[in-house]
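Start at 1 and go down the list; that is how both ligands and their atoms are numbered. Please read these numbers as outputs of a predicted model, since none were measured by experiment.
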Amino acid sequence: MKAIVRVPTKITVFGEHAVVYGKPAIAVTIPRFILVTLTPRNDSKIEVHTHGVSARLSSIVLERDSNNVISQAEPADLQRIVNYIITALNLCEDLLKEEKKHGYNVEVRSELPPSIGLGTSAAVSVGVVAACFALHGEDPLKRRGDVAMTAWRTEYKVQGAASPMDTFTVTFGGLRYIEPKNFNAQEIVYRGDLPLVVGYTPRHGTTAELVAKVRSLRSRAPLILNKIMDLIGEVVEEARRTLEKRDLEELGLLMNVNHGLLSSLGVVNEVHDRIVHVLRRAGALGAKTSGAGGGGAFVALASSSEDSDRLAKLITGLEAVPVATQIWRRGFEVLEY
Ligand code: MEV
């Protein structure tokens, strides 16, 4: 008996950081996936194998009760992901009122490296929670709200701060308008191609560190920083209307404005500033840092899908890795149970 869950990753199109302070945001899933396989064991050990999450194939075994590590391959690489996995399992079993006695083999396969702002930790949390639901006889697709909420609690507990944006977007999938205050992830209906170009560069700092950096800036100049957060919230509202009107030119302009506002929060690095300028000069309608910043993910808007392929080729010459030129319209899927 085992459960295999495939979870898409995501890109934040508008509103990162301000979403931590209750402002809305817009995010969309992309066709790059995390595969989580959860298999119950007869003992109380947790054995984690990861592929693609760190540089090499990695594994770790720990005793469920004590969290004592029995054997480990690359502790530094694995520590973060193991935190998400154990927390997700504990919260899932708490919710389902299960005794925490089960051991599991957990396999995580990722097409993307962690900590680049594309929601990989959210995807791992959602995958583990959904697989845990399935193994305990609950259909995770019928309980998507509970899966998203439990995965958000996982991120919140591990990171110390997290908006529901990433976990709710990868749970439900597609283009989502996130209202963090009431944990709502409403679908924005957008037919046809949304010609985005998604890429990443190496990132310095974790999401938790970058969120803490913005928090400290806000405590030093609350009046101004609160106005910037309000303004980001207004850009998001305008972007939602613009998406519904399918006005790509205006959407690009709003992306550029959002990039400038992220810059004022101190989370845009020099490499990203150069990339967004090159992309705009090469014909992108707009381009911005995406996610927590400090490098990591960025997103641009092309005028057509042919043009997004051209821009994706261009960014490989800018020391960036292209990730997607299309959006994905579904959330997590249970591939086997
Ligand atoms: C991280 O993908 C985006 C942030 O807004 C943090 C969050 O939403 O939890 C920086």
Novice: When you measure from atom 3 (C) of ligand 1 to every protein heavy atom, which one gives the shortest distance, and what is it?
Specialist: Met165 CE, 3.7 Å
Novice: What protein heavy atom sits nearest atom 2 (O) of ligand 1, and how far off is it?
Specialist: Asp166 OD2, 3.1 Å
Novice: Check this for me - ligand 1, Glu16, N or O atoms closer than 3.5 angstrom, yes or no?
Specialist: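 In fact, backbone or side chain, Glu16 has no N or O that close.
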Novice: Please indicate whether any nitrogen or oxygen in His17 is less than 3.5 Å from any nitrogen or oxygen in ligand 1.
Specialist: yes
Novice: Do the charged groups of Lys2 and Glu107 touch, with an N to O distance under 4.0 Å?
Specialist: no
Novice: Do NZ/NE/NH1/NH2 and the carboxylate oxygens of Glu237 and Arg241 come within less than 4.0 Å?
Specialist: no
Novice: So which heavy atom in the protein is nearest atom 6 (C) of ligand 1, and how far is it from that ligand atom?
Specialist: Val20 CG2, 3.8 Å
Novice: Checking side-chain contact (heavy atoms from CB on, under 4.5 Å) between Leu265 and each of Met229, Glu16, Lys213, Arg218, which is the one that passes?
Specialist: Met229
Novice: Could you check whether the rings of Phe168 and Phe183 sit parallel, tilted or perpendicular, using 30° and 60° as the cut-offs?
Specialist: tilted
Novice: Taking Arg32 for the side chain and Val323 for the main chain, is one N or O donor matched with an acceptor at less than 3.5 Å?
Specialist: yes
Novice: Give a yes or no on whether a salt bridge exists between Lys227 and Asp230, defined as a side-chain N under 4.0 angstrom from a carboxylate O.
Specialist: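 Looking at Asp230 together with Lys227, the answer is no, because their closest N to O distance does not fall below 4.0 Å.
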Novice: Decide yes or no on side chain to side chain donor-acceptor pair (under 3.5 Å) for Thr12 and Lys10, but give the supporting numbers first.
Specialist: CA-CA 7 Å; Thr12 311; Lys10 64 115 236 333; 3.2 Å; yes
Novice: Indicate yes or no: does an N/O atom of Thr12 lie under 3.5 Å from an N/O atom of ligand 1?
Specialist: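 For ligand 1, there is no N or O atom that lies under 3.5 Å from one belonging to Thr12.
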Novice: Please state whether Ala162 comes within less than 4.0 angstrom of ligand 1, counting heavy atoms only.
Specialist: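 True for this residue.
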Novice: With a cut-off of 4.0 Å, which atoms of ligand 1 are near a heavy atom of Ser163?
Specialist: 7 (C), 8 (O), 9 (O)
Novice: State the atoms of ligand 1, each with its element, that fall below the 4.0 Å cut-off from a heavy-atom position in Val19.
Specialist: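 Listed by number with element, the hits are 5 (O), 8 (O).
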